[in-house]
Amino acid sequence: MKKELSKHELEYIEEYQKKGYCCNFLFKDDALLEIESKYSYKPEEIFIVAHHRYEGMSDPEDMSILYIIETADNKKGTYLLGYGPSADLEAAEFFKDIPEKNYSTNADINKLT
């Protein structure tokens, strides 16, 4: 995972949406809920296509990771996870439980297919 300096989270979210990553996910009840279908995904059903880490320029506690997600049933979207002192620890644990084999090493938006 590389630290992003040039782009903000929203800029990347917009770029990924143009590439079809339009689903919105919410962490709820120990699962990742896709807002439109209301389907709750378990960690083994989630594939991380890319992830980008951010640290706030003016506030070092302003930290987040943008996950680019594909699901086992081909839903594509993003999830922004805050971390640091104000992190949602349960959501962070969920992402730690995603099998390592489900993480791509490709974090370059221009190389996504």
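To the nearest 0.5 Å, atoms CG (Leu66) and NE2 (His51) are separated by 10.5 Å. Between Gln17 atom CD and Leu10 atom CG the span is 9.0 Å, to the nearest 0.5 Å. Between atom OH of residue Tyr16 and atom CD1 of residue Ile68 there is a gap of 4.5 Å, rounded to the nearest 0.5 Å. Atom CZ of Phe47 and atom NZ of Lys101 lie 7.0 Å apart (nearest 0.5 Å). The CG atom of Asp73 sits 6.5 Å away from the OH atom of Tyr39 when rounded to the nearest 0.5 Å. Atom CD1 of Ile35 and atom CG of Leu32 lie 9.0 Å apart (nearest 0.5 Å).
With salt bridges taken as basic N to acidic carboxylate O contacts below 4.0 Å, one links Lys96 and Glu93.
Here the shortest heavy-atom pairing between Tyr41 and Lys75 reads OH-CG, 3.2 Å. When all heavy atoms are compared, the tightest approach of Leu33 to Lys38 is CD1-O, 3.1 Å. Shortest non-hydrogen contact noted between Phe25 and Thr78 is CD1-O, 3.7 Å. When all heavy atoms are compared, the tightest approach of Pro43 to Asp97 is CB-O, 3.4 Å. The two residues Ile46 and Phe94 make their nearest non-hydrogen contact at CG1-CZ, 4.1 Å.
Val49 places none of its side-chain heavy atoms less than 4.5 Å from the side chain of Ile69.
Taking the six-membered ring for Trp and the full ring otherwise, the centers of Phe95 and Tyr79 sit less than 6.0 Å from each other.
Within 6.0 Å of the CD atom in Glu44, the count of heavy atoms belonging to other residues, nucleotides or ligands exceeds 12.
Inspection of the Glu34 and Thr71 side chains reveals no N or O donor paired with an N or O acceptor under 3.5 Å.
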